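A quick note: this is a predicted structure, and the numbers were derived from the prediction, not measured.
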Amino acid sequence: MEGNHTLVTEFFLKGITDRPDLQVPLFLVFFLIYVTTMVGNLGLIFLIWKDPNLHTPMYLFLGHLAFADACISSSVTPKTLMKFLNKNDMIVQGECFAQYYFFCYGATTEIFLLVAMAYDRYVAICNPLLYLVVMSNRLCILLLSVSYLIGFLNPIIHVGLLFRLTFCRSNIIDHFYCEILPLYTISCTDPSLNALVVFICASSIQISTSVTIVVSYARILFAVMKIKSSKSRRKAFFTCSAHLFSVSLFYGTLLFMYVSHGSGPGKQQNKLYSLFYTIVIPLLNPFIYSLRNQEVLGALRKLIKL
């Protein structure tokens with residue numbers, strides 16, 4: 001398991017907890033969460049694709065957000081479930097790096113999709129008469145392309161830098177998936193450059209996108225306050241509240257995990273943050289956006305009647 005001169009090519013994932021009595025109950029809980037997450041997100045994608053009334057920019061971005069959530073959950077949860085059953089504690093280096101890549105791809109893409117959704121709501125509420133002109137098919141495709149392109153490139157930088165590291169001190173990753181920060185702690189090569197790049201990329205992406213979202217919703221708030229009809233005002237607030245709640249959960253956990261990591265959160269806190277953005281948020285998002293959305297519920301009723 002450990003050695004000063006033997007290079008490590010396989011890693012041992014410690015998982016969420018070492019307690020044997022909790023393995024089966026946690027497997028059942030996480031299996032139920034994963035099934036619900038996939039049914040919720042893939043079901044939402046199918047519903048948006050099936051119903052012509054949902055073929056609008058708002059639901060186009062929501063469908064792609066559901067796809068990103070499905071990618072995040074699928075990159076992490078299956079391996080976690082196998083760990084609960086003690087079927088496969090080991091993960092080879094290539095698989096480990098690939099797991100982190102697909103997680104980072106989904107998370108980065110989701111961040112920029114949330115920005116696109118904020119801009120969409122800004123145009124819909126602040127410039128409703130120009131909405132169809134501004135949110136054209138060309139702009140929607142451009143926003144989606146940028147989201148996926150940055151989502152593709154960002155993890156390539158971090159995974160590429162991982163190959164400069166060697167692992168010989170230990171092969172034990174104190175986490176439930178191949179998170180990049182615990183990998184640095186077991187490297188016998190100085191990971192300072194890697195950690196600096198992670199901090200710069202994470203902080204620049206999160207700060208720039210969060211400022212964009214805050215500015216968008218500040219302008220939305222001022223526009224909503226000017227609406228005379230209380231019914232229209234409530235509808236506008238409701239339209240944005242789900243998005244703001246999802247953004248707060250996602251950005252909050254990522255901010256604590258990557259940008260403020262140097263302030264010293266413990267290992268259990270890191271696992272808790274990771275649980276939120278890898279498992280809990282992908283589970284909640286389809287329900288946050290659809291349970292009280294009359295258009296989505298109406299499309300679901302029509303589909304069930306068919």
Side-chain angles (χ1 to χ4, degrees), residues 1-15 68 71-72 74-80 82-83 88-112 146-209 253-271 273-275 277-278:
M1 300 289 284
E2 297 186 10
N4 291 326
H5 304 288
T6 304
L7 292 181
V8 171
T9 57
E10 289 187 331
F11 301 104
F12 176 85
L13 292 170
K14 289 190 70 174
C71 286
I72 293 172
S74 295
S75 68
V76 173
T77 311
K79 191 67 179 179
T80 304
M82 294 173 67
K83 167 63 180 173
N88 191 355
D89 295 328
M90 305 301 294
I91 183 169
V92 298
Q93 181 173 295
E95 184 184 354
C96 180
F97 292 177
Q99 185 186 47
Y100 177 76
Y101 175 86
F102 285 109
F103 155 71
C104 190
Y105 166 77
T108 306
T109 302
E110 180 158 333
I111 286 174
F112 284 91
V146 169
S147 299
Y148 283 110
L149 179 61
I150 299 176
F152 172 77
L153 294 176
N154 183 47
I156 282 182
I157 297 172
H158 305 306
V159 173
L161 285 173
L162 280 177
F163 284 100
R164 67 177 287 271
L165 304 181
T166 53
F167 302 92
C168 57
R169 295 175 183 168
S170 172
N171 70 342
I172 300 174
I173 300 176
D174 192 5
H175 217 285
F176 59 91
Y177 77 102
C178 274
E179 220 293 312
I180 200 167
L181 298 179
L183 279 172
Y184 295 162
T185 65
I186 62 171
S187 170
C188 51
T189 306
D190 183 11
S192 300
L193 175 62
N194 299 60
L196 178 63
V197 171
V198 166
F199 176 79
I200 291 173
C201 290
S203 57
S204 59
I205 288 174
Q206 291 181 44
I207 292 172
S208 61
T209 54
T253 51
L254 285 177
L255 185 68
F256 278 113
M257 186 68 184
Y258 290 103
V259 178
S260 63
H261 181 76
S263 60
K267 293 178 181 178
Q268 290 304 120
Q269 285 178 285
N270 286 343
K271 290 182 184 180
Y273 296 148
S274 298
L275 279 174
Y277 59 71
T278 60

For this session: For S75, check side chain to side chain contact (heavy atoms under 4.5 Å, CB included) against everything at least two apart and list the hits.
Result: F102, F103
Exercise. Side chains of E10 and Q93: closer than 4.5 Å at any heavy-atom pair?
Worked result: no
For this session: State which residues pass side chain to side chain contact (heavy atoms under 4.5 Å, CB included) with L193; sequence neighbours excluded, sorted by chain then number.
Result: L161, R164, V197
For this session: First locate atom SG of C178, then atom CZ of F11, and finally report the distance between them rounded to the nearest 0.5 Å.
Result: 6.5 Å
Problem set entry | Side-chain heavy-atom pair Y100, V159 within 4.5 angstrom cut-off | yes
Exercise. Residues in side chain to side chain contact (heavy atoms under 4.5 Å, CB included) with I150, at least two apart?
Worked result: T108, F112, V146
Exercise. With sequence neighbours excluded, what pairs up with Y101 under the ring-ring contact (aromatic ring centres under 6.0 Å, His included) test?
Worked result: none
Problem set entry | S187 side chain to F167 backbone, donor-acceptor under 3.5 Å | no
Exercise. Hey, are the side chains of F176 and L275 touching, using non-hydrogen atoms and a 4.5 Å cut-off?
Worked result: yes
For this session: Please identify each residue that fulfils side chain to side chain contact (heavy atoms under 4.5 Å, CB included) with T109, with sequence neighbours left out.
Result: Y105, L113, S147, Y148
Problem set entry | side chain to side chain contact (heavy atoms under 4.5 Å, CB included) partner of C96, chosen from I91, I180, T9 | I91
Problem set entry | Those residues that, when tested against S204, pass side-chain hydrogen bond (donor to acceptor under 3.5 Å, both in side chains) (two or more places apart) | none
Exercise. Is the backbone N or O of L13 less than 3.5 Å from a side-chain atom of K83, with the two atoms forming a donor-acceptor pair by type?
Worked result: yes
